[in-house]
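Read the structure below first, then the notes.
Sequence lines set the chain letters: A, B, ... in the order given, protein chains first and strands last, and positions in each chain run from 1. All values reported here derive from a predicted model rather than from experimental measurement.
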Amino acid sequence: MPSGSPPVIDFNAPADEVARHLVGVTLLVDGVGGRIVETEAYDWDDPASHSFRGPTARNASMFGSPGRAYVYRSYGIHWCLNFVCREKGHGAAVLIRAIEPIMGLERMRERRGLDEVRLLCAGPGRIAQALGIDVSFNGKSLDAPPFLLIAPADGEPEVVVDAGPRIGISKAVNMPWRFGEKGSRFLSKPFRRKP
DNA sequence: CTAGTGATCCGCT
DNA sequence: GCGGATCACTAGA
């Protein structure tokens, strides 16, 4: 292996591939966070993606370099964190939907005003609140502080990933671009049994 | 467990 | 004006 640590994940890949590989990766923001257990892919030719109709002021970072954050306001109330992927010009990203809280539990509890660990990061808006994410993080590189991504440790059992339809959208509702760790109790919503 | 509802802002048509 | 990549809460099965 060359000097330095290998990249945790290659963001220069199709969004659904990145989304699948992110499950099991640890995300920390200023040392607070845990294992990503649920993601959704929004690809460049995807009618449900914010990037579908081309670049605008809001989605500009989706058209920037891969490996950066795209943060947007949802329903006028919440912030949602995405990881930009693929090459410039296309506009694709992965929405981080749920995290298994591991580091900085007390900090997350304070921010969320809630004790129950299961609900600290079970949903994109909840994650942003628990990790202190807001629009000022938009466009920041995921390779540098305050962000830290950590690949699953060698020898750790491989994560079994479920896939299913995405949540809360009205276009391309049947595309199975939601991914999650099978059986995790920290998901924003369970995956249905047998299709 | 699922289903329904109001809150609350801003980007886009 | 409209309608969200949501959440907290309530009611009911």
Expressed in angstrom and rounded to an integer, what is the separation of [X] atom [atom1] from [N] atom [atom2]?
X: A:Tyr42; N: C:dG4; atom1: OH; atom2: C1'; value: 11 Å
X: A:Glu116; N: C:dC7; atom1: CD; atom2: P; value: 15 Å
X: A:Phe83; N: C:dA5; atom1: CZ; atom2: C1'; value: 15 Å
X: A:Ile127; N: C:dA5; atom1: CD1; atom2: P; value: 17 Å
X: A:Leu187; N: C:dC7; atom1: CG; atom2: P; value: 13 Å
X: A:Lys189; N: B:dC1; atom1: NZ; atom2: P; value: 12 Å
X: A:Trp177; N: C:dA5; atom1: CH2; atom2: C1'; value: 14 Å
X: A:Arg178; N: C:dT6; atom1: CZ; atom2: P; value: 11 Å

Mark up nucleotides 8-13 of chain C, 5' to 3', with B wherever a protein heavy atom is under 4.0 angstrom from a base atom, S wherever such an atom reaches only the sugar-phosphate, and - elsewhere. S-----
Going 5' to 3' through nucleotides 6-13 of chain B, assign each nucleotide B (protein heavy atom under 4.0 Å from a base atom), S (under 4.0 Å only from sugar-phosphate atoms) or - (no protein heavy atom that close). -BBB-SSS
Does [X] reach the side chain of [Y], with side-chain heavy atoms less than 4.5 Å apart?
X: A:Phe11; Y: A:Val84; answer: no
X: A:Leu22; Y: A:Phe83; answer: yes
X: A:Phe52; Y: A:Lys171; answer: no

Are A:Gln129 and A:Arg112 linked by a side-chain donor-acceptor pair shorter than 3.5 Å? yes
Where does DNA chain B pair, written as one dot-bracket string 5' to 3', with Watson-Crick or G-U pairs under 3.5 Å, ( ) inside the strand, [ ] for crossing pairs and | for another strand? |||||||.||||.
Could you tell me which residues satisfy side chain to side chain contact (heavy atoms under 4.5 Å, CB included) with A:Pro152, sequence neighbours excluded, listed by chain and number? A:Val25, A:Glu156
Sequence neighbours excluded, which residues qualify as side chain to side chain contact (heavy atoms under 4.5 Å, CB included) partners of A:Met175?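 Checked A:Met175 against side chain to side chain contact (heavy atoms under 4.5 Å, CB included); matches are A:Arg166, A:Ala172, A:Trp177.
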Does A:Asn12 offer a backbone N or O that forms a donor-acceptor pair with the side chain of A:Asp10 under 3.5 Å? yes
Would a distance-only check, ignoring hydrogens and angles, find a side-chain to backbone donor-acceptor pair under 3.5 Å from A:Arg109 to A:Asp115? yes
Counting only side-chain N and O atoms of A:Ser49, is one of them less than 4.0 Å from OP1 or OP2 of C:dA5?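 Checking C:dA5 against A:Ser49, no side-chain N or O comes under 4.0 Å of OP1 or OP2.
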Classify the nucleic acid contact of A:Ser170 as base, sugar-phosphate or nothing, counting any heavy atom under 4.0 Å across all strands shown.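 The residue A:Ser170 makes sugar-phosphate contact but no base contact.
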Among residues two or more places apart or on two chains, list those pairs meeting side chain to side chain donor-acceptor pair (under 3.5 Å) that have a residue in residues 136-147 of chain A.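 Those involving residues 136-147 of chain A are A:Ser61-A:Asn138, A:Asp134-A:Ser136.
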Single hit among A:Lys189, A:Arg192, A:Lys182 for salt bridge (charged side-chain N to carboxylate O under 4.0 Å, His left out) with A:Asp162: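 Answer to the salt bridge (charged side-chain N to carboxylate O under 4.0 Å, His left out) test with A:Asp162 among A:Lys189, A:Arg192, A:Lys182: A:Lys182.
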Indicate, with yes or no, if A:Phe179 and A:Leu95 share a hydrophobic cluster defined by side-chain heavy-atom contacts under 4.5 Å among Ile, Leu, Val, Met, Phe, Trp and Tyr.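 No.
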